[in-house]
Amino acid sequence: MSAVPQAWSWPRTGVRRPVGLLGASWILFRKDLLIEWRTRARLNALVFFAFATLLLFSFALGPDTRLLQRNAGGYLWLAMLFSSVLALGESFRVEMENAALDGIRLAPSDARAVFLGKALGNAALLFALGCLLVPVMIALYDVRVAMEGWRLGLVLLLGCLAIAAPGTLYSAIANQARARDVLLPLLLFPLVVPALLAATKATSLVLHGDPMEQLSAWLALLGGFDVIYWSLGFVLLPKVIED
């Protein structure tokens, strides 16, 4: 499944012509989703690891349910962050097999499409994981959501975008090193700490209420991190994948 995408051509003609940035990004995004759908190996590992992480937090804190409820947002995002290493680590590893990344780079399209396609695929995978984790967190920690559910979905989306963008960039860097499994978390964790704090605070406000109306400020801060991370990845990834 690491073959070069075969859709670098206009439909119905079969003639290979350059496609635009968005078209090439969509091709790579769809390719990654198809690979994940057919194998499901990475998704299964993510789900079980994240569930186990949430369960371990509940065991570590013991029977103090109030403490679990108060810190549920932080435990959710820690589980998401730890699980993201498994997803992001495999993002470029499949392209390194049989020199598939070289074939993608030779395709008649903008190299920045590699970042957009990969980062969007990673964000979609993390968002799907978050949607699965939220009901488990609510049931496990006995949490009652105080605000509308769409607000929690918005926080999840912005938080997953904040992890996926730098994670995709550092995954491309780490997969060119020998100690790639160790290098990726060392590079990623310090960078996403501000975004993780903003996502945790916003999630706690959605779960427990927002009497001071602080949620919009934390969402704006999280959105600002997304713009910075995605802009840097969009600019820097073509340089990273060059020989």
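Numbers here are sequence positions counted from 1. Below, all heavy atoms of this structure are taken into account, side chains as well, without hydrogens, waters or symmetry copies. Here the structure is a predicted model, which means the values were calculated and not measured.
- Once rounded to the nearest 0.5 Å, the distance linking CG of Asn122 with CD1 of Ile163 reads 11.0 Å.
- Residues Leu186 and Leu81 do not share a hydrophobic cluster, defined by chaining ILVMFWY side chains whose heavy atoms lie under 4.5 Å apart.
- Looking at every heavy atom in both residues, Ala113 comes nearest to Leu28 through O-CD1, 3.5 Å.
- Hydrophobic clustering (side-chain heavy atoms under 4.5 Å, transitive across Ile, Leu, Val, Met, Phe, Trp, Tyr) keeps Phe48 apart from Val85.
- To the nearest 0.5 angstrom, Ser58 atom OG is 4.5 Å from Leu55 atom CG.
- Within the 3.5 Å criterion, the main-chain N or O of Gln69 finds a donor-acceptor partner in the side chain of His208.
- At least one side-chain heavy atom of Arg30 sits under 4.5 Å from a side-chain heavy atom of Leu34.
- Residues Leu78 and Thr53 form no side-chain contact, since every pair of their non-hydrogen atoms from C-beta on lies 4.5 Å or further apart.
- By the 4.5 Å heavy-atom criterion applied to side chains, Tyr170 and Val192 are not counted as neighbours.
- The two residues Arg70 and Ser204 have their closest heavy-atom pair at O-OG, 4.5 Å.
- Heavy-atom minimum distance, Ala119 versus Thr168: CA-OG1, 3.4 Å.
- If you take CG on Leu169 and CG on Leu232, they are separated by 8.0 Å, rounding to the nearest 0.5 Å.
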### CA sep, side-chain torsions, deciding dist, call: Leu196, Lys201, side-chain contact (heavy atoms from CB on, under 4.5 Å)
CA-CA 9 Å; Leu196 190 69; Lys201 185 60 178 179; over 6 Å; no
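- Val182 and Leu184 fall into different hydrophobic clusters, where Ile, Leu, Val, Met, Phe, Trp and Tyr are joined by side-chain heavy atoms under 4.5 Å apart, directly or via other members.
- Side-chain atoms of Asp32 and Lys118, non-hydrogen and from C-beta on, do get closer than 4.5 Å to each other.
- Under a hydrophobic clustering in which Ile, Leu, Val, Met, Phe, Trp and Tyr are joined whenever their side-chain heavy atoms come within less than 4.5 Å, directly or via other members, Leu56 and Leu86 fall into different clusters.
- Judged as a salt bridge (Lys or Arg N to Asp or Glu O under 4.0 Å), and not counting sequence neighbours, the contacts of Arg144 are Asp142.
- Side-chain contact check for Met80 versus Trp77: some heavy-atom pair is nearer than 4.5 Å.
- Other members of the cluster containing Leu197 are Val193, with ILVMFWY side chains joined at under 4.5 Å, either directly or via other members.
- The two residues Ala124 and Phe29 come nearest to each other via the heavy atoms CB-CE1, 4.2 Å.
- Taken from CG in Leu22 to CG in Leu116, the straight-line distance is 7.5 Å, to the nearest 0.5 Å.
- The closest donor-acceptor contact from the side chain of Ser171 to the backbone of Leu88 lies under 3.5 Å.
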Taking distance alone, no hydrogens or angles, what donor-acceptor pairs closer than 3.5 Å link side-chain atoms of residues 213-229 to residues at least two apart or in another chain?
from   : atom 1 : to     : atom 2 : distance (Å)
Asp226 : OD1    : Ala162 : N      : 3.1
Tyr229 : OH     : Leu191 : O      : 2.8

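- Distance check: Leu156 CG to Leu161 CG gives 10.5 Å after rounding to the nearest 0.5 Å.
- For Thr203 against Ala199, the heavy-atom pair with the smallest separation is OG1-O, 2.7 Å.
- Counting all heavy atoms, side chain and backbone alike, Gly209 lies closest to Ala146 at N-CB, 3.4 Å.
- Proximity of the aromatic rings of Tyr141 and Tyr75 is defined here by a centroid distance below 6.0 angstrom, and this criterion is met.
- By the 6.0 Å contact criterion, CZ on Phe189 is enclosed, its count of non-hydrogen atoms from other residues, nucleotides or ligands being greater than 12.
- Put simply, the residue from Leu157, Val206, Leu205 that forms a side-chain contact (heavy atoms from CB on, under 4.5 Å) with Leu152 is Val206.
- Inter-residue side-chain proximity for Ile138 and Pro135 is flagged as unmet; no heavy-atom pair is nearer than 4.5 Å.
- Taking hydrophobic clusters as Ile, Leu, Val, Met, Phe, Trp and Tyr residues chained together by side-chain heavy-atom distances below 4.5 Å, Phe49 shares a cluster with Phe59.
- The CG atom of Leu125 sits 8.5 Å away from the CG atom of Leu33 when rounded to the nearest 0.5 Å.
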